[in-house]
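Below is one structure, written out as structure tokens; the observations come after it.
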Protein chains: 2
Amino acid sequence: MTQIKRPDDNVQSQNVVPITLTSLKAACSQCNLRELCLPYGLSETEIAQIDHLVGGRRKVKRGHHLYRAGDPFEAIYAIKMGFFKTDILLEDGRDQVTGFQMAGEILGMDGIGTDVHTCNSIALEDSEICIIPFVQLEQLSREVQALQRHFHQVMSREIVRDHGVMMLLGTMRAEERLAAFLLNLSQRFTARGYSPQEFHLRMTREEIGSYLGLKLETVSRAFSRFQDDDLISVHQKHIRILDAGGLKRLLNHQAP
Amino acid sequence: MTQIKRPDDNVQSQNVVPITLTSLKAACSQCNLRELCLPYGLSETEIAQIDHLVGGRRKVKRGHHLYRAGDPFEAIYAIKMGFFKTDILLEDGRDQVTGFQMAGEILGMDGIGTDVHTCNSIALEDSEICIIPFVQLEQLSREVQALQRHFHQVMSREIVRDHGVMMLLGTMRAEERLAAFLLNLSQRFTARGYSPQEFHLRMTREEIGSYLGLKLETVSRAFSRFQDDDLISVHQKHIRILDAGGLKRLLNHQAP
DNA sequence: GGTCTATATTGACCCAGATCAAACGGCCTG
DNA sequence: CAGGCCGTTTGATCTGGGTCAATATAGACC
């Protein structure tokens with residue numbers, strides 16, 4: 001309903017860095033995200049094979065779409081740097097954030113089933129992604145078994161992640177949802193070499209609320225409660241986790 | 001929390017119909033579900049190729065598990081006949097039904113990512129499934145492009161379906177959720193040649209509630225309200241949809 | 001550096017759905 | 001066919017989070 005006003009721009013051709021010798025040099029084999037991203041588990045020689053899989057890069061500025069619901073599906077995207085959200089918009093204006101994605105994670109798999117994207121992908125900070133043309137990914141998957149395997153794992157994990165969100169939305173109370181959300185972010189930041197205790201939220205309270213099935217006021221109140229209980233400290237988007245154990249305990253004890 | 005008491009039995013070896021000439025004869029190329037199931041979109045010759053993909057059949061009696069969270073992942077399963085639910089169980093006893101599956105649909109993709117199943121799959125009526133050993137599926141996917149493509153589509157559609165459930169759980173009111181649920185069931189029964197208006201629910205109110213993030217009493221009350229409004233008629237598990245348009249209208253009008 | 005606008009916090013009140021409780025209806029089993 | 005057991009329906013009451021509203025804070029933009 002509250003259509004966030006942000007620059008509207010996802011012209012496909014714009015900001016696409018063409019493949020050149022220099023860009024190739026910075027493809028998977030040279031990328032420090034390869035242990036988190038699509039090449040995970042591949043041998044050196046296999047990674048070399050998938051280097052030319054990346055059909056270019058694209059910068060997506062904060063607030064801009066990487067793709068929109070309805071766009072034809074042509075490629076999936078690996079986040080080189082930055083932060084995204086995906087959301088679905090109903091005709092009546094209601095929307096639901098379906099996920100937040102960070103460096104090394106894959107975007108766009110929603111489009112495979114129907115050849116059309118079914119959600120919107122929007123950068124929450126200035127970002128850069130690697131374009132992986134899907135036809136080529138399938139082609140190479142037929143040749144490189146480890147790539148095939150890992151791509152299937154990536155899709156499966158997305159399904160499992162979605163089940164976790166369903167659990168959260170279906171059975172958890174507001175504070176549990178937020179605790180789970182913070183712990184999940186912390187864990188993913190840690191995997192990327194950042195502090196587990198301290199990070200900046202890239203999204204608004206409203207976006208967190210949409211993801212967690214709560215109103216922004218409820219999110220804000222839960223943050224304040226956590227702060228009162230010395231579980232975290234919050235200042236706007238800056239979060240410091242003071243008692244991760246306390247947050248975890250919140251998760252396992254359902255209220256009366 | 002309410003652990004439903006049902007026979008406990010998913011011994012893998014039991015009830016597995018071994019591959020014989022006769023069982024092969026009834027594999028994909030002879031199966032009347034092939035337009036709904038994994039072979040969809042494949043040519044006659046391609047379907048012939050995947051006939052020996054099915055590593056046997058297995059009957060699963062009502063209330064029994066096809067697999068459990070924690071079981072090693074080895075195969076995915078195509079439902080030949082019957083009806084299943086999948087659910088996740090939290091340590092504290094809370095559980096969430098993550099889906100209901102019917103003939104032609106694929107089960108088990110949750111296990112690909114970690115080589116271990118992450119949810120439970122339970123038959124809601126006496127059922128029979130085709131076992132598709134995953135190693136062989138990947139093998140054949142590397143050879144038959146159309147199979148690869150379609151398998152990716154099946155996984156992607158599962159992701160999109162999950163997004164729809166997230167939308168439902170995150171933004172819809174109780175009656176909208178139930179209306180969406182009924183319309184979805186109706187549409188899937190129709191695709192299988194059954195009546196769009198009239199069907200038997202295979203699941204309890206509690207299971208519907210778990211899936212929709214509601215309590216069973218709320219589900220029951222919503223059914224009664226729909227009946228009062230002449231949208232449906234309900235008698236226990238027997239449903240007749242009287243006004244599909246009315247149900248659809250419920251979906252698009254969010255309450256004040 | 002001051003104004004503007006988006007985001008965040010906090011308070012007061014309300015309501016959809018949860019909870020508690022009771023009764024009903026199929027159906028299976030002995 | 002009587003008795004017990006689920007699963008379901010319905011009523012009465014309670015409450016977590018939604019809604020409405022006012023204020024605070026901070027970037028962003030001249």
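Note that these values count all heavy atoms, side chains included, but never hydrogens, waters or copies made by symmetry. Lettering of chains follows the sequences in order, A, B, ..., and the numbering in each one begins at 1.
- In this structure, A:His200 places its NE2 atom 17 Å from P of C:dT7, rounding to the nearest Å.
- For the segment residues 219-227 of chain A, residues with any heavy atom less than 4.0 angstrom from an atom of DNA chain D are, sorted by number, A:Arg221.
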Pairs under 3.5 angstrom only: tabulate donor-acceptor contacts from the side chains of residues 190-200 of chain A to other protein residues two or more places apart or in another chain.
from     : atom 1 : to       : atom 2 : distance (Å)
A:Thr190 : OG1    : A:Ser186 : O      : 2.6
A:Arg192 : NE     : A:Ala103 : O      : 2.6
A:Arg192 : NH1    : A:Arg188 : O      : 2.8
A:Arg192 : NH2    : A:Ala103 : O      : 3.0
A:Arg192 : NH2    : A:Glu105 : OE2    : 3.4
A:Ser195 : OG     : A:Gln197 : N      : 3.0
A:Ser195 : OG     : A:Glu198 : N      : 3.1
A:Glu198 : OE2    : A:His238 : NE2    : 3.2
A:Glu198 : OE2    : A:Arg240 : NH2    : 3.1

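- Checking C:dG17, C:dT7, D:dT8 against the side-chain heavy atoms of A:Thr204 singles out C:dT7 as nearest.
- Rounded to whole angstrom, the span from the NZ atom of B:Lys215 across to the C1' atom of D:dT8 amounts to 16 Å.
- Residue B:Lys237 has a polar side-chain atom (N or O) positioned under 4.0 Å from OP1 or OP2 of D:dT8.
- Residue B:Arg205 places at least one side-chain N or O closer than 4.0 Å to OP1 or OP2 of D:dT8.
- With DNA chain D read from its 5' end, the first of the two nearest nucleotides for B:Met203 and A:Glu175 is the one closest to B:Met203.
- Computed from coordinates, the A:Leu216 CG to D:dT19 P distance equals 10 Å when rounded to whole Å.
- One interatomic measurement links the two molecules: NE2 of A:His238 to P of C:dT7, which rounds to 20 Å at whole-angstrom precision.
- One atom, NZ of A:Lys61, and another, P of D:dA28, lie 13 Å apart when rounded to the nearest Å.
- Side-chain contact check for B:Ser121 and B:Thr86: no donor-acceptor pair (N or O, by modelled atom type) lies under 3.5 Å.
- Between the CG atom of B:Leu214 and the C1' atom of D:dT8 there is a distance of 16 Å, rounded to whole Å.
- For B:Asp126, the salt bridge (charged side-chain N to carboxylate O under 4.0 Å, His left out) test picks out B:Lys61, with sequence neighbours left out.
- The residues B:Glu125 and B:Arg202 are annotated as salt-bridged, a charged nitrogen and a carboxylate oxygen being separated by less than 4.0 angstrom.
- A perpendicular orientation is assigned to the rings of A:Phe100 and A:Tyr211, their planes being inclined by more than 60° (bins at 30° and 60°).
- Whole-Å rounding puts the A:His235 NE2 to D:dG27 P distance at 12 Å.
- For C:dC27, its base never sits under 3.5 Å from the side chain of B:Gln236 at any donor and acceptor pair.
- Protein atom CG of A:Leu212 is 13 Å distant from nucleotide atom C1' of D:dG17, rounded to whole Å.
- In this structure, B:His117 and B:Phe73 have perpendicular ring planes: the angle between them is above 60°, well past the 30° mark.
- As judged by a 4.0 angstrom heavy-atom cut-off over every strand, B:Gly213 is placed among residues touching the sugar-phosphate backbone only.
- Ranking C:dT10, D:dT8, D:dT10 by closeness to the A:Glu217 side chain, first place goes to C:dT10.
- No side-chain heavy atom of A:Lys80 sits under 4.5 Å from any side-chain heavy atom of A:Ile129.
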